[in-house]
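To start, the structure under review is shown below, and the notes come after it.
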Amino acid sequence: MNGNISLKLLKKSLCTTTVHFKEQPLSPPLTSLQCGTILQSLTNTKSFPKGQKLHSLMVTSGNLLNNTYLSTKLAAFYANCGRMAQARVIFDGILLKNSFLWNFMIRGYACNECSLKALVLYREMLSFGQKADNFTYPFVLKACGDLLLVETGRRVHSEVVVSGLESDIYVANALLAMYSKFGDMGLARMLFDRMLERDLISWNTMISGYVKNGNPRKALEVFEKMGKAELKADGTTLLGILSACAELMALKLGKEIHAYVVRKSGEIRNEFLTNSLIEMYCNCKSLAYSRRLFDGVKLKDTVSWNSMIRGYEQNGDAFESLRLFCRMVMEGAEVDEVTIITILGACDQISALQFGMSVHSCLVKKGFGANIIVGTALIDMYSKCGSLSCSRRVFEEIPRKNLVSWSAMISGYGAHGQGEEAISCYHELVANNFTPDEGVLTSVLSACSHAGLVNEGKHIFNRMTIEYNVKPRLAHYSCLVDLLGRAGHVHEAYELIKTMEVKPSSDIWAALLSACRLHKNVKLAEVSAQKVFEMNPKGVGSYICLSNIYASEKRWDDVERVRAMVRSKGLKKPPGCSFVEVDKMVHRFLVGDKSHPQTHDVYAKLKELNLRLKEAGYKPDTTSVFYDVEEEVREKMLWDHSERLAIAFALINTGPGTTIRITKNLRVCNDCHTVTKMISELMNREIIMRDIHRFHHFRHGFCSCGDYW
DNA sequence: CTAGGGTTAG
């Protein structure tokens with residue numbers, strides 16, 4: 001029988017069964033050539049267990065002794081399987097290392113999260129006198145990129161130039177990828193434009209580079225040019241473009257890509273594409289499209305679930321998001337950190353504290369507790385659900401805090417009106433040798449504005465550029481305008497807007513408008529309202545704010561004029577809506593809601609409360625009602641505000657002394673604020689209420705905001 | 001032996 005056939009048989013047995021091979025040692029022994037061929041095929045298929053067996057066979061039969069050729073192949077095999085420790089043992093035993101071996105080892109390290117070792121080995125290679133070649137550089141550059149070693153990367157780049165390999169397409173593409181990881185798209189673009197030859201990978205690298213660096217428009221531009229260059233998009237291209245569409249909410253293009261994917265489903269296969277489409281539709285607020293795709297996916301992976309769950313969460317449907325999460329768990333899909341982060345986000349929207357706490361214990365069991373993003377999401381969840389002490393505890397337990405976790409903690413204090421704590425947390429951060437970034441500064445400035453800490457806020461604002469080299473951006477100006485305006489310095493706020501270095505946004509004018517409502521400055525209110533209407537004609541909140549101002553001045557003609565504007569634009573005021581959690585169930589009440597099963601009891605409770613409050617001296621403050629109607633009607637219009645329904649419901653369904661937590665989608669009105677203070681005293685309950693801006697802690701007839709909000 | 005690939009907190 002000739003040797004070729006037995007070799008084929010052996011190959012076959014290795015590829016199909018492993019038991020057979022182990023039980024029947026091969027005889028006669030394999031030649032080195034045979035071993036080499038088999039190893040090669042095992043390397044290509046990454047058949048680790050089989051290769052390991054062949055390895056032991058080669059050791060016992062002496063094939064490896066003094067055989068550099070086979071040893072090299074074997075090291076390459078282990079490296080390709082990502083078994084770098086084993087590869088290294090063999091590598092170290094080889095005296096005559098050729099470039100193939102060096103390259104394979106560097107690649108192994110670079111592709112298996114040992115980028116630093118890849119770089120060390122690269123330097124070793126050079127000092128051994130082995131020259132780097134076109135196979136070496138791509139992985140060295142990848143390692144530099146992954147480690148974000150900008151200086152090292154540049155040095156390797158210059159070595160590439162010296163070696164004359166800059167025009168090698170693999171090397172050139174690796175350079176593009178490296179600079180895009182560094183965030184230097186300008187340089188990447190320059191290299192890309194200078195390339196004499198570009199392939200699909202070059203284009204894809206540029207597209208995904210622009211997307212990852214927050215420049216989706218440029219990504220689309222490159223995509224368009226790519227079409228002109230008559231290059232056909234593949235799955236990777238489309239992934240990048242879909243991300244860009246999602247980012248830009250470019251539904252039309254997204255749909256075209258979708259159609260293209262369906263049309264080319266024979267040629268373009270990419271397991272990620274459907275998830276990417278789901279994500280794109282979610283971002284474009286087309287939940288129905290997403291859901292249809294999602295429901296059609298037979299084998300939903302974690303990412304499909306995550307994207308869909310997040311879609312609902314981001315589009316304000318926290319309930320559907322939580323329902324889907326429960327389904328995910330029941331169907332046995334694997335929950336990961338991203339799922340948890342998303343679900344915690346859904347919990348904060350509706351203040352589902354108890355649900356959030358059970359997610360907390362679940363994530364600890366799963367071992368996600370050490371993930372800093374999860375930790376930060378927890379801080380946020382607890383503070384948004386009204387439990388700042390839990391936030392602090394989670395915060396303390398994060399061993400290596402980053403700026404985002406600090407920022408979340410500071411924001412938490414801010415939202416709860418604890419300005420002093422926010423500032424001391426900020427000082428703590430500085431004392432821990434962190435340099436505040438934009439986000440941290442926004443959080444602390446916002447905390448100052450909630451607590452009315454005018455001098456502290458101004459001080460931080462004035463020093464941020466000098467001390468931390470952070471130029472004030474819109475968010476910072478917005479906080480400062482809010483801070484000044486709320487504290488009654490509306491003219492100073494106005495001056496600030498007029499002199500600020502960035503173009504004021506509609507939000508900034510809206511902050512001033514809101515301050516004008518608080519301090520009854522009709523003239524300036526009209527100026528700022530005009531600006532908001534120009535810049536954000538669909539923002540219904542500002543029309544309401546202005547008409548509230550007129551209503552409080554009893555200028556009913558003006559109220560009607562503004563209301564007519566709202567009508568003519570076809571805008572609708574979102575109905576007031578409050579959430580309250582009882583026994584792990586979150587209940588939702590709309591203004592005037594009569595749909596809840598316990599409606600009857602709730603309204604009876606409200607009636608009883610109304611009487612008792614009046615006995616206690618309550619006088620309704622009807623200035624928040626902006627209809628020109630009889631006083632009695634106006635009073636009634638206050639009484640079915642959603643937060644009151646929620647409070648009444650909670651009073652009925654929870655034991656004496658239980659803290660009540662309410663979350664409202666709009667700002668709490670003056671009268672509700674007064675009523676809640678009184679209820680907290682009368683019923684001896686702590687009521688924690690979150691409105692669209694901040695928290696109010698009501699206890700014994702007082703609110704933590706000190707009526708400053 | 002080579003380069004590029006979707007979801008995550010303020």
Side-chain angles (χ1 to χ4, degrees), chain A residues 40 43-44 72-73 76-77 79-80 98-108 110-111 133-142 145 168-178 180-181 199-209 211-212 234-240 242-243 246 270-280 282-283 301-311 313 336-345 348 368 371-381 383 402-412 414 437-444 446 475:
Chain A
Q40 184 65 57
T43 302
N44 295 341
T72 299
K73 283 263 182 215
F77 163 76
N80 209 36
N98 61 11
S99 65
F100 173 92
L101 179 60
W102 287 103
N103 290 344
F104 240 110
M105 288 299 289
I106 291 171
R107 176 172 91 140
C111 296
D133 61 18
N134 54 322
F135 293 101
T136 323
Y137 285 121
F139 300 107
V140 177
L141 293 167
K142 177 182 161 56
D168 179 275
I169 195 151
Y170 286 90
V171 177
N173 286 342
L175 280 168
L176 299 183
M178 180 183 79
S180 99
K181 281 174 198 157
D199 64 6
L200 187 57
I201 293 185
S202 328
W203 290 94
N204 285 351
T205 307
M206 289 308 290
I207 290 172
S208 65
V211 172
K212 276 192 228 133
D234 70 352
T236 304
T237 323
L238 299 180
L239 282 180
L242 283 173
S243 292
N270 188 314
E271 47 178 324
F272 301 134
L273 270 176
T274 312
N275 286 341
S276 222
L277 283 165
I278 292 175
E279 178 67 24
M280 182 274 295
C282 282
N283 247 338
D301 64 8
T302 300
V303 176
S304 332
W305 286 100
N306 287 353
S307 296
M308 200 64 235
I309 290 173
R310 196 176 129 72
E313 188 256 339
D336 69 358
E337 285 97 328
V338 178
T339 325
I340 296 292
I341 291 159
T342 309
I343 283 305
L344 290 173
D348 6 282
F368 298 157
N371 179 318
I372 191 163
I373 304 178
V374 171
T376 308
L378 272 173
I379 295 175
D380 227 37
M381 184 277 288
S383 81
N402 64 16
L403 284 174
V404 186
S405 27
W406 283 94
S407 181
M409 195 64 238
I410 295 170
S411 296
D437 67 352
E438 277 176 40
V440 169
L441 287 159
T442 309
S443 302
V444 71
S446 146

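Every chain is numbered from 1, with letters handed out A, B, ... down the list of sequences. None of these values were measured; they are calculated from a predicted model.
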> Does some side-chain heavy atom of A:Lys142 sit less than 4.5 Å from a side-chain heavy atom of A:Met178?
Replying inline: no
> Base, sugar-phosphate, or nothing for A:Asp199, non-hydrogen atoms under 4.0 angstrom?
Replying inline: base
>> Does A:Asn283 reach a base, just sugar-phosphate, or nothing at all? Heavy atoms under 4.0 Å.
In response: nothing
>> Checking A:Asp301 now: which residues fulfil side-chain contact (heavy atoms from CB on, under 4.5 Å) with it, not counting sequence neighbours?
In response: A:Asn275, A:Val303, A:Ser304
> Rounded to the nearest 0.5 Å, how far apart are CG of A:Leu403 and CD of A:Glu438?
Replying inline: 11.5 Å
> Which part of the nucleic acid, if any, lies within contact of A:Asp336, taking any heavy atom under 4.0 Å across all strands shown: a base, the sugar-phosphate backbone alone, or nothing?
Replying inline: nothing
>> Classify A:Lys181 by what it touches in the nucleic acid, base, sugar-phosphate, or nothing, heavy-atom distance under 4.0 Å.
In response: sugar-phosphate
> For A:Ala177, which contact category applies under a 4.0 Å heavy-atom criterion: base, sugar-phosphate, or nothing?
Replying inline: sugar-phosphate
>> Taking any heavy-atom pair under 4.0 Å as a contact, classify A:Asp380: base, sugar-phosphate, or nothing.
In response: sugar-phosphate
>> Under 4.0 Å, heavy atoms only, any strand: does A:Asn44 hit a base, just the sugar-phosphate, or nothing?
In response: nothing
>> Tell me which one of A:Asn173, A:Leu176, A:Thr236, A:Leu238 satisfies side-chain contact (heavy atoms from CB on, under 4.5 Å) with A:Asn204.
In response: A:Thr236
> What is the nucleic acid contact for A:Ser407, judged by heavy atoms within less than 4.0 Å: base, sugar-phosphate only, or nothing?
Replying inline: base
>> Any base atoms under 4.0 Å from A:Asp133, or only sugar-phosphate, or nothing? Heavy atoms, all strands.
In response: nothing
> Base, sugar-phosphate, or nothing for A:Tyr137, non-hydrogen atoms under 4.0 angstrom?
Replying inline: nothing
>> Applying a 4.0 Å non-hydrogen cut-off, can you work out what A:Leu403 is touching in the nucleic acid: base, sugar-phosphate, or nothing?
In response: base
>> Checking A:Thr339 against A:Trp305 for the side chain to side chain contact (heavy atoms under 4.5 Å, CB included) test, could you report, in this order, the C-alpha distance in whole Å, the side-chain angles of both residues, the deciding distance, and whether it holds?
In response: CA-CA 8 Å; A:Thr339 325; A:Trp305 286 100; over 6 Å; no
>> Please evaluate residues A:Thr376 and A:Ile372 with respect to the criterion side chain to side chain contact (heavy atoms under 4.5 Å, CB included), reporting the C-alpha separation (whole Å), side-chain torsions for both, the decisive distance (0.1 Å), and the verdict.
In response: CA-CA 6 Å; A:Thr376 308; A:Ile372 191 163; 4.2 Å; yes
>> Please identify the 5'-most and 3'-most nucleotides of DNA chain B with any atom under 4.0 angstrom from a heavy atom of chain A.
In response: B:dC1 to B:dG10
> Just checking A:Asn80: base, sugar-phosphate only, or nothing, at a heavy-atom cut-off of under 4.0 Å?
Replying inline: nothing
>> Checking A:Thr136 against A:Ser99 for the side chain to side chain contact (heavy atoms under 4.5 Å, CB included) test, could you report, in this order, the C-alpha distance in whole Å, the side-chain angles of both residues, the deciding distance, and whether it holds?
In response: CA-CA 8 Å; A:Thr136 323; A:Ser99 65; 6.0 Å; no
